[in-house]
Q: 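Pasting in a structure now, in structure tokens, and then I'll have a few things to ask.
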Protein chains: 2
Amino acid sequence: MARRHRAAPAPATRFDRRLAEILTHATEVFCKKGYEGASMRDLSRASGMSLAGLYYYFESKERLLFLIQKHTFSTIVERLKARLEGVSDPEHKIRIFILNHLEYFLANPANMKVLSHEAEALKNGFASEVAAIKREYYRICVGLLDQLKSDRGLHFPTRIAVLSLFGMMNWIYTWHNPRVDADAEQLAREMSDIFLRGVMAGGRARR
Amino acid sequence: MARRHRAAPAPATRFDRRLAEILTHATEVFCKKGYEGASMRDLSRASGMSLAGLYYYFESKERLLFLIQKHTFSTIVERLKARLEGVSDPEHKIRIFILNHLEYFLANPANMKVLSHEAEALKNGFASEVAAIKREYYRICVGLLDQLKSDRGLHFPTRIAVLSLFGMMNWIYTWHNPRVDADAEQLAREMSDIFLRGVMAGGRARR
DNA sequence: ACTGTGTTCGAACGAACGTTCGAATTATCC
DNA sequence: GGATAATTCGAACGTTCGTTCGAACACAGT
């Protein structure tokens, strides 16, 4: 009957560790079959726990997806902030932004596909909490681009640029094949080149 | 019991017209609730036809999705080919490619979301037939970029560029709001600027 | 009015769905 | 080793799923 409300960050109780295992297996299933397409029985099979046993760790299938998305997104934002610390050149910052995103993407493809592809699957409270993290992540990127614009006197449309960048990066889950495609560093370099030259070339002259 | 195998292109029998109506309504439902999340009863309600009546027009829910995806994708490719005819400048051709994609996207957002978001929902025969059209569309874009590369002596990675471009364009279904965002022409111009400058700036010098 | 074909529907099928519950099992601490 | 709490499970709940079937309806042409 006890449910932990984890204040301590590090120790990780048995409960938390087992929950994390289930989350990992569930992520793979959601990735392969989609949130709606995956049944609780699929999750039970994948995690090696009985159907009823799963409900000791979370109260609904929706909350399980929520836990996956929130953890994934929080981790990305957290790592990004740490990497941006102390860096001041806006171009360098954007390259870090892209590299951070792609590194996590290729290291945790199932997590990122579930985050990208099942973005509309949550409802009400669950949806808004993930949306808040997404908004923060979006605003960070807007901030970096605005800084680049004012530093270099550029005049591209920020919103379109940011969302195009997200599209470039998030679409990866539909095509990346680790056996034929480059690693995160090279991919990030190539995408950064295309994107940064795209917004920086042409400079002040527009329309 | 009769099922038309439409050889005539124009006349459109009553059967074909009614089927097209159902497809339109079904597209909206798939768009809103997802393929797995939409039930046949949802489709019945949306199209104003009884649950059993739907099966007179198609033999399964999966085939319904297939018909939607195939028609949407075929239309895009067909329009693209018509628009590219007679154009020889590769940059212009790529701008036409992007404009064609975005115009259709914003004019038929539900169709394009179902095409983009439910790309993995079909199985076996259905999946491979749509995949064939996708491959053709992809190869056209590769051809345009290769032509641009050889014409201008550029050295960007084609595959990454094409897939980044698709990401930029297809991601739109996650954010475009007709009340705040520009129309297709302006959007296409902005994305074309970012993308084309991205692959053209820097020129021959890479690495 | 009659016949045949195209179209629609109510009712039902078995299967699978998410979730619950009480009992059984396992770990923890005195 | 016995008491207490944490964890797991089999079995079942009521609901909804995609699909089927035979009867009913609509509307030709005769």
Side-chain angles (χ1 to χ4, degrees), chain A residues 1-6 8 11-26 29-30 32-68 114 118 121-126, chain B residues 1-6 8 11-23 25-27 29-30 32-68 114 118 121-126:
Chain A
M1 295 301 172
R3 216 48 56 92
R4 306 309 190 288
H5 295 291
R6 47 178 13 277
T13 65
R14 184 163 117 84
F15 180 91
D16 290 324
R17 264 181 281 116
R18 194 84 177 90
L19 174 57
E21 280 179 33
I22 295 174
L23 254 56
T24 302
H25 290 121
V29 177
F30 284 154
K32 193 172 301 179
K33 316 186 90 171
Y35 171 70
E36 298 274 4
S39 71
M40 289 297 298
R41 284 156 183 85
D42 290 329
L43 304 178
S44 157
R45 207 172 302 115
S47 57
M49 172 169 289
S50 74
L51 182 56
L54 292 175
Y55 283 88
Y56 179 69
Y57 289 95
F58 49 87
E59 56 259 23
S60 71
K61 187 188 172 190
E62 189 183 10
R63 177 161 173 88
L64 177 57
L65 175 62
F66 166 75
L67 291 175
I68 292 171
V114 171
E118 309 295 346
L122 296 178
K123 320 219 159 203
N124 306 324
F126 288 146
Chain B
M1 295 305 170
R3 216 49 54 94
R4 308 309 190 290
H5 294 291
R6 44 178 17 276
T13 66
R14 184 163 118 83
F15 179 90
D16 289 325
R17 263 181 282 115
R18 195 83 177 89
L19 175 57
E21 280 179 32
I22 295 173
L23 254 56
H25 290 121
T27 303
V29 176
F30 284 155
K32 193 172 300 180
K33 315 185 90 169
Y35 171 71
E36 297 274 5
S39 71
M40 289 297 297
R41 284 154 183 88
D42 291 329
L43 304 179
S44 158
R45 208 172 301 117
S47 57
M49 172 169 289
S50 74
L51 182 56
L54 292 175
Y55 282 88
Y56 178 69
Y57 290 94
F58 48 88
E59 56 259 23
S60 70
K61 186 187 172 191
E62 189 182 10
R63 178 160 172 88
L64 176 57
L65 175 62
F66 166 75
L67 291 175
I68 293 171
V114 170
E118 309 296 346
L122 296 178
K123 319 220 160 200
N124 308 323
F126 288 146

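The sequence lines fix the lettering, A, B, ..., with proteins before strands; numbering per chain opens at 1. FYI, side chains are in, hydrogens and waters are out, and symmetry mates aren't considered; it's all heavy atoms of this structure.
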Q: Between B:Arg41 and A:Gly37, which has a closest nucleotide on DNA chain C that is more 5'?
A: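 Result of the comparison: B:Arg41.
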Q: What's the closest nucleotide to the A:Ala52 side chain, out of D:dT7, C:dT20, C:dT19?
A: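 For A:Ala52, the side-chain atoms sit closest to C:dT20.
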Q: For the side chain of B:Phe15, counting heavy atoms from C-beta on, which of C:dT7, C:dT8, D:dT8 is nearest?
A: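 Selected nucleotide: C:dT7.
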Q: Walk me through whether A:Phe30 and A:Leu43 qualify under side chain to side chain contact (heavy atoms under 4.5 Å, CB included).
A: CA-CA 9 Å; A:Phe30 284 154; A:Leu43 304 178; 4.1 Å; yes
Q: Please report, rounded to the nearest Å, how far the C1' atom of D:dC17 is from the CG atom of B:Leu43.
A: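 It works out to 12 Å between those atoms.
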Q: Please state how far atom CZ in A:Arg63 lies from atom P in C:dG18, giving the value in whole angstrom units.
A: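 A:Arg63 atom CZ is separated from C:dG18 atom P by 18 Å.
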Q: How close or far is atom P of C:dT8 from atom CZ of B:Phe58, stated in whole angstroms?
A: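 Taking CZ of B:Phe58 and P of C:dT8, I get 12 Å after rounding.
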Q: What's A:Arg14 touching, base or sugar-phosphate or nothing? Going by heavy atoms closer than 4.0 Å.
A: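 Sugar-phosphate, no base atom in range.
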Q: Tell me: OH of A:Tyr35 to C1' of C:dC17, nearest whole Å?
A: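 The answer, rounded to whole Å, is 12 Å.
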Q: Using atom CD of A:Glu36 as one end and atom P of C:dA16 as the other, report the distance to the nearest whole Å.
A: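 In whole Å, C:dA16 P and A:Glu36 CD are 18 Å from each other.
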Q: Using only side-chain N and O atoms of B:Tyr55, determine if any of them is under 4.0 Å from OP1 or OP2 of C:dT8.
A: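 Indeed not, no polar side-chain atom of B:Tyr55 lies that close.
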Q: Using a cut-off of less than 4.0 Å, is there contact between a side-chain N or O of A:Tyr56 and OP1 or OP2 of D:dT7?
A: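 So the side chain of A:Tyr56 is within the cut-off, an N or O lying under 4.0 Å from OP1 or OP2 of D:dT7.
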Q: Over how many whole Å does the gap from A:Leu64 atom CG to C:dG18 atom P extend?
A: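 Going from A:Leu64 (CG) to C:dG18 (P), I get 11 Å.
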Q: State the CD1-CZ distance between B:Ile22 and B:Phe58, to the nearest 0.5 angstrom.
A: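 Here the interatomic distance stands at 6.0 Å.
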Q: Can you check whether A:Ser39 has a side-chain N or O nearer than 4.0 Å to OP1 or OP2 of C:dC17?
A: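 Yes.
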Q: Okay, side chain of B:Glu21, backbone of B:Ser47: is any donor-acceptor separation there less than 3.5 Å?
A: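 Here the side-chain-to-backbone pair does not exist.
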Q: Which pair of non-hydrogen atoms, one from A:Gly37 and one from B:Glu36, has the smallest distance, and what is that distance?
A: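 Result for this residue pair: CA-CD, 3.9 Å.
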Q: Identify, between B:Leu51 and A:Asp42, the residue whose nearest nucleotide on DNA chain C lies closer to the 5' end.
A: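 Its nucleotide being nearer the 5' end, the pick is B:Leu51.
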Q: So if I take every side-chain heavy atom of A:Ser60 and compare against D:dT8, C:dT19, D:dG18, which nucleotide ends up nearest?
A: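 Within the option list, the nearest is C:dT19.
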Q: May I ask you to verify if any side-chain N or O of B:Arg18 is less than 4.0 angstrom from the OP1 or OP2 atom of C:dT8?
A: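 For C:dT8, OP1 or OP2 has a side-chain N or O of B:Arg18 closer than 4.0 Å.
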Q: May I ask you to establish whether B:Lys61 and B:Phe66 are in a cation-pi arrangement, using a distance under 6.0 Å from NZ or CZ to the six-membered ring centre and at most 45° from the ring axis?
A: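 Output no; distance or angle outside limits.
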Q: Whole angstroms only, please: what is the CG-C1' distance between B:Leu54 and D:dT20?
A: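 Atom-to-atom, B:Leu54 to D:dT20, this comes out as 14 Å.
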